[in-house]
Amino acid sequence: MTDQPQPRDVTNHILFEVATEVANRVGGIYSVLKSKAQVTTAEYGAAYTLLGPLNRNSANVEVEELVPRDPALIETIKSMNDRGIATLYGRWLIDGAPRVLLFDTGTAYKFLDEWKGDLWTVAGIPSPPGDSETNEAIVFGYLIAWFLGEYAAQEKKRAIVVQFHEWLAGVALPLCKKRRIDVTTIFTTHATLLGRYLCAGSVDFYNNLQYFDVDAEAGKRGIYHRYCIERGAAHSADVFTTVSHITAYESEHLLKRKPDGVLPNGLNVKKFSATHEFQNLHQQAKSKINDFVRGHFYGHNDFDPENTLYFFTAGRYEYRNKGVDMFIESLARLNHRMKSTGSNMTVVAFIIMPAQTQSLTVEALKGQAVIKSLHDTVNVISQNVGKKLFERSLAWHEGAELPEDKELLSAADKIMLRRRLFAMKRHSLPPIVTHNMINDHDDPILNQIRRCQLFNHPSDRVKIVFHPEFLNSANPVLPLDYDDFVRGTHLGVFSSYYEPWGYTPAECTVMGVPSITTNLSGFGCYMEELIENAQDYGIYIVDRRMKGVDDSVNQLSEFMFEFSKKSRRQRINQRNRTERLSDLLDWKRMGMEYVKARQLALRRAYPDAYDGEAEPDFFGSAEVKITRPLSEPGSPRDRSGMMTPGDFASLQEGREGLSTEDYIAWKLPEEEDPDEYPFPLTL
Ligand code: G6P
Ligand code: 1S3
């Protein structure tokens, strides 16, 4: 009699998540994994491990080494180490402190040629020489398949769910399938390769999605082999998901598999104990931006900081995909409107996008230095004046005159002040860009600014600052971290053409900063579906689907113009409403979709464990909108209920740390009475 293998335990399953951005900041996937860690570890504890390639520089800072306890893990790591593969097992030092296992791909390149040949044989995926990114994906993929194969052979009792993020981590998927490794898999794509490439060109992407000859398009762009990996991963996974409905539609046409579900991105929302705290933080951060602006515009500080609004856009430098072309064009139209209507407001629009630069410009450094010297000199003079005033006042007696202003300011003080004022003389307009750009004359952002003639002229009501480097509090010119900078601004503008999700406007929302996005971004569509009068909540959505480009530009510029007409009180009220949406974006709700994807993967791999029950429609959504008539821009305080995109009850009941309540019983908090704000209102 042969021993029948015991069915794996699906309830106490093990979870691995595989990505190239584990403890290694590159882009959006890092934000997903890092912000989600807390809810996933609350749910799985030690049964959750992230797998990634080892980048020693970032691992040294982000990971603390640990000794593994799980016997299957110990055995598997040992067996790989014995064959020369270096690994690092530890805790990722972030909220939730998840366990990570990082593979040093450099120690596996000796197998590269063999693995490339195997990938062609088993999956028909070609890998031409000279593409180091693809080579890295292959080595990493084979290491993951090796690890999973050995681990599943060691751990025979519990089911194993493995979720892969993006094509770079996807090579292992066809291998798991071909080798029949006893795990169940999910592939989540955060964009498609072809989508990103096609959109960056000048095609009418969304109207032609179903007509692209995908192989030919990938071939033309030299990415056919990468496309094969991505498509192979999507088709080999038990469950295929993306981050938004718009990317699901794109994946269906470009990868030829309809996603099983949408797993939108959440954030780890940290609530302040006092609700007005974020308003105070806005004021503090704004005053730091004011300092920068004074220096940058030295000699041309003819606009009042009290009537100045800070708009910004930020992200990876993808000129068309991130909608920078549209943003600049709309700013030019806004400038024209503000001038022609005699607006007393000034908008300073920041573009924060890293480009190739040599250094900060002398002019940018000088601007901060002259203002600092002026500040220091004025401090010295005011101390001198204060001292004199005090002494004269001590000597005052009835009938004597009060000291005259001019007596208080000595000749030396005047000379000192005059020197500083002369240093602020400038014969050119305040610069647009803070750095020396390597491709100044070819740079698309600078060329668009030139074309629109937004040159920071004194008569312009819209000024532009292009900061081609990510923000950092150690920067001598604009010394703020990104989060603090965002808090200090008034409006984020993200007019993207290609944006599978879009963390930037979501981050604005949780910080209580209104933002403009488009209905071509995952986030924009998500909010549009969920909130009826989104603008009241500081969520503006430009229509880039049904309108021509010119009309979309006008709509964007109209949104910004209307925003510029708001009073301070209106801005404060709107910020409060925006911030109250933040729970909507918390992983405590959004993570529910991940739970469903894992359940679906388990059901598909182990139907017997579910008594052959029919597969539930996990992701079929029942739309529930947050509503409120426009005439009453209050909050939908009567609204509560299940509002994850799929609207399905929790399937993880019984696991420690989370309850259904955490995920779905969401209710907008009560609105504060604006007249009772416990902070000063300067109107
Ligand atoms: C916050 C502060 C207020 C300040 C206001 C400025 O609400 O708590 O003290 O007046 O910001 O708002 P503004 O939109 O003009 O930057
Ligand atoms: C992608 O990063 P991106 O900026 O290249 O993944 C992010 C995380 O899912 C997503 O927010 C973004 O829209 C995608 O484009």
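Every number for a ligand or one of its atoms is a count from 1 in the order of the listing. None of these values were measured; they are calculated from a predicted model.
- With salt bridges taken as basic N to acidic carboxylate O contacts below 4.0 Å, none links K588 and D583.
- Cation-pi check for K36 over Y594 is met; the charged atom lies under 6.0 angstrom from the ring centroid and within 45 degrees of its normal.
- The single protein non-hydrogen atom nearest to atom 6 (O) of ligand 2 is H190 CB, 3.5 Å, given as residue, atom name and distance.
- Residue K322 touches ligand 2 through its side chain alone, judged by heavy-atom distances below 4.0 Å.
- With atom 14 (O) of ligand 1 as the reference point, the heavy atom nearest to it among E277, Q574, R571, E306 is part of R571.
- Looking from atom 12 (C) of ligand 2 to the surrounding protein, the closest heavy atom is E499 OE1, 3.5 Å.
- In this structure, R320 satisfies the cation-pi test against Y497, with its NZ or CZ atom closer than 6.0 Å to the six-membered ring centre and inside 45 degrees of the ring normal.
- Looking only at heavy atoms of the protein, atom 5 (O) of ligand 2 is closest to R316 NH2, 2.2 Å.
- In terms of heavy-atom proximity, S330 sits nearest to L556 at OG-CD2, 3.2 Å.
- H276 does not count as a contact of ligand 1, since none of its heavy atoms falls under 4.0 Å from the ligand.
- Scanning the protein heavy atoms around atom 7 (C) of ligand 2, the nearest turns out to be G28 CA, 3.9 Å.
- Residue-level proximity to ligand 1 for Q283 is carried by the side chain, the only part with a heavy atom below 4.0 angstrom.
- Each of the atoms 5 (C), 7 (O) of ligand 1 lies under 4.0 Å from some heavy atom of I572.
- For the side chain to side chain donor-acceptor pair (under 3.5 Å) test with Q163, the passing option among T185, T40, T188 is T188; the others fail.
- Minimum interatomic distance between R544 and S495 (heavy atoms only, all atoms of both residues): NH1-O, 2.7 Å.
- When only non-hydrogen protein atoms are considered, atom 8 (C) of ligand 2 lies nearest to N265 ND2, 3.3 Å.
- In terms of protein heavy-atom proximity, atom 11 (O) of ligand 2 is closest to G502 N, 3.0 Å.
- Counting heavy atoms closer than 4.0 Å to ligand 2, residue P500 contributes atoms from both its backbone and its side chain.
- For the side-chain contact (heavy atoms from CB on, under 4.5 Å) test with L584, the passing option among I531, V510, T509, L267 is I531; the others fail.
- Taking all heavy atoms of Y30, Y498, W501, F494 into account, the minimum distance to atom 10 (C) of ligand 2 is reached by W501.
- Pairing each heavy atom of M353 with each of A314, the nearest pair is CE-C, 4.1 Å.
- For ligand 2, the atoms lying closer than 4.0 Å to a non-hydrogen atom of Y503 are 11 (O).
- Y224 and Y227 have tilted rings, their planes meeting at an angle from 30° to 60° on a 0 to 90° scale.
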